[in-house]
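All residue numbers refer to positions in the sequence shown, counting from 1.
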Amino acid sequence: DKFVLKAIGRTLNTNSDIVHITFPTYGKIRTNKPVVVTFHDDLFITRYKEARDFLREYLEKSTAIYTLSRADAILPNSSLTMKSLENFMESFKIDKTDKIIRTISIGINDAFIKEKPCEGERRDFVYIGDIFFPHKNFPFLLQVFSRLLLSNQDLKLHIFTSSKDAQEILNKELEKYVQKRMFSQVILHYKAPDEEVIEYTKKAIALLHFSKEEGFGLPILEAMALGTPVVLLKDAKIPEEVSKYAYKVESEPFKAEDFINKLIDKPTALSKEAIDYAKSFTWERTASETLKVYEEVLKNKHIEKIKLVGW
């Protein structure tokens, strides 16, 4: 956060024509230049409330209200975050007049796009994401995996996360299980490089992603781009454009187990159509669509030339 605020400060002191804030809670940016804000989700409210961090919840909420009120353009990154944005602005009476509001999806890392899908044997499962916040539903993932282990003793679950105190959180959850084999079969990869994530994900039977809600769901598309099937919960709030080619299961552990066992019995890669669809979410497309918004904002402000300034 300190790096981001320092970078924004340097940008405000340049002769750039526009300021793009990539998250509405990065601080109350005071500038007379046009402002564009990316809106990823409204989980900055619920996740800190769930964690009972009420001061952080208040600070993030008040900062977001200020930033969105000040913005000339707001860019939600999915159909779901567009709805969240509309609800947020209505709840806090943020005026939408004269604001450009447009959905622009984010892109997946080029390394996932360039990698070829696995043509060999598929084994084990992966999870990519946070394991701390309740909406990620991490205990449910472990519950389902423990059931799968009863009939598949060599199965492994690879957890890729950058959550603070990840090993401590994982150990605390694993201690709840009588099956001590869980400690050896659930493997933590903390802050692993993309190469390691790709190596395990592309060979996995599936990515198990049982989050209750996602503003976007980047790991879902990353796994699909590698040809790896993804299993989600039917009642999860995940953008339709992201979950389009995912399998969806009921939120009862035994029903999820039954479906996943079928994948274990017959592991298969995703269709070429699904892989190509996931790979279409590029940063090039994001940049092109974002630049069009910049031009529109500047036109509305009667500024003719764009000077893109990086740091």
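Aromatic ring centres of Tyr200 and His189: separated by under 6.0 Å. No close placement of the His158 and Phe125 rings is indicated, their centers lying 6.0 Å or farther apart. Aromatic ring centres of Tyr127 and Phe160: separated by at least 6.0 Å.
For the pair Thr161/Leu188, a side-chain contact is recorded, criterion being any heavy-atom separation below 4.5 Å from C-beta on. With a 4.5 Å cut-off on side-chain heavy atoms, Glu284 and Asp110 count as touching. By the 4.5 Å heavy-atom criterion applied to side chains, Ile18 and Lys33 are not counted as neighbours.
Within a 6.0 Å radius of OH in Tyr58, other residues, nucleotides and ligands contribute 12 heavy atoms or fewer. Applying the 6.0 Å contact sphere to CG of Asp98 captures no more than 12 heavy atoms from other residues, nucleotides or ligands. Lys180 NZ: more than 12 foreign heavy atoms inside a 6.0 Å radius.
A salt bridge links Lys301 and Asp72; the closest N-O separation between the charged side-chain nitrogens and carboxylate oxygens is under 4.0 Å. For Lys176 and Glu173, the salt-bridge test passes: some basic side-chain N is under 4.0 Å from an acidic carboxylate O. A salt bridge is defined here as a Lys NZ or Arg NE, NH1 or NH2 lying under 4.0 Å from an Asp or Glu carboxylate O, and Glu214 with Lys237 fails to meet this definition. Using a 4.0 Å cut-off between a side-chain N of Lys or Arg and a carboxylate O of Asp or Glu, Asp276 and Lys272 qualify as a salt bridge. The pair Lys255-Glu250 fails the salt-bridge criterion, with no side-chain N (NZ, NE, NH1 or NH2) lying under 4.0 Å from an Asp/Glu carboxylate O. Under the 4.0 Å criterion applied to side-chain N and carboxylate O atoms, Glu295 and Lys299 are not assigned as salt-bridge partners. For Glu121 and Lys203, the salt-bridge test fails: no basic side-chain N is under 4.0 Å from an acidic carboxylate O.
No donor-acceptor distance shorter than 3.5 angstrom exists from the side chain of Asn137 to the backbone of Ser211, with no hydrogens or angles considered. Judged purely by atom type and a 3.5 angstrom limit, Ser280 uses its side chain to pair as donor or acceptor with the backbone of Tyr277. With hydrogens and angles disregarded, a donor-acceptor distance shorter than 3.5 Å links the side chain of Ser271 to the backbone of Ala274. Put simply, the side chain of Lys99 gets close to the backbone of Ser69: a donor and an acceptor are under 3.5 Å apart. Within the 3.5 Å criterion, the main-chain N or O of Asp41 finds no donor-acceptor partner in the side chain of Thr81. Without hydrogens or angle criteria, Ser146 side chain to Gln143 main chain gives a donor-acceptor distance under 3.5 Å.
Both tests pass for Arg285 against the ring of Phe281: distance under 6.0 Å to the centre and angle within 45° of the axis.
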Derivation and outcome, side-chain hydrogen bond (donor to acceptor under 3.5 Å, both in side chains), residues Arg122 and Thr228: CA-CA 9 Å; Arg122 290 184 172 272; Thr228 299; 3.2 Å; yes

side-chain hydrogen bond (donor to acceptor under 3.5 Å, both in side chains) between Glu296 and Asn300, worked out: CA-CA 6 Å; Glu296 193 173 337; Asn300 291 346; 5.0 Å; no

Asn152 vs Asn261, side-chain hydrogen bond (donor to acceptor under 3.5 Å, both in side chains): CA-CA, chis, key distance, verdict: CA-CA 9 Å; Asn152 305 275; Asn261 268 324; 3.2 Å; yes

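Residues Ile275 and Leu218 share a hydrophobic cluster, clusters being chains of Ile/Leu/Val/Met/Phe/Trp/Tyr side chains in contact below 4.5 Å.
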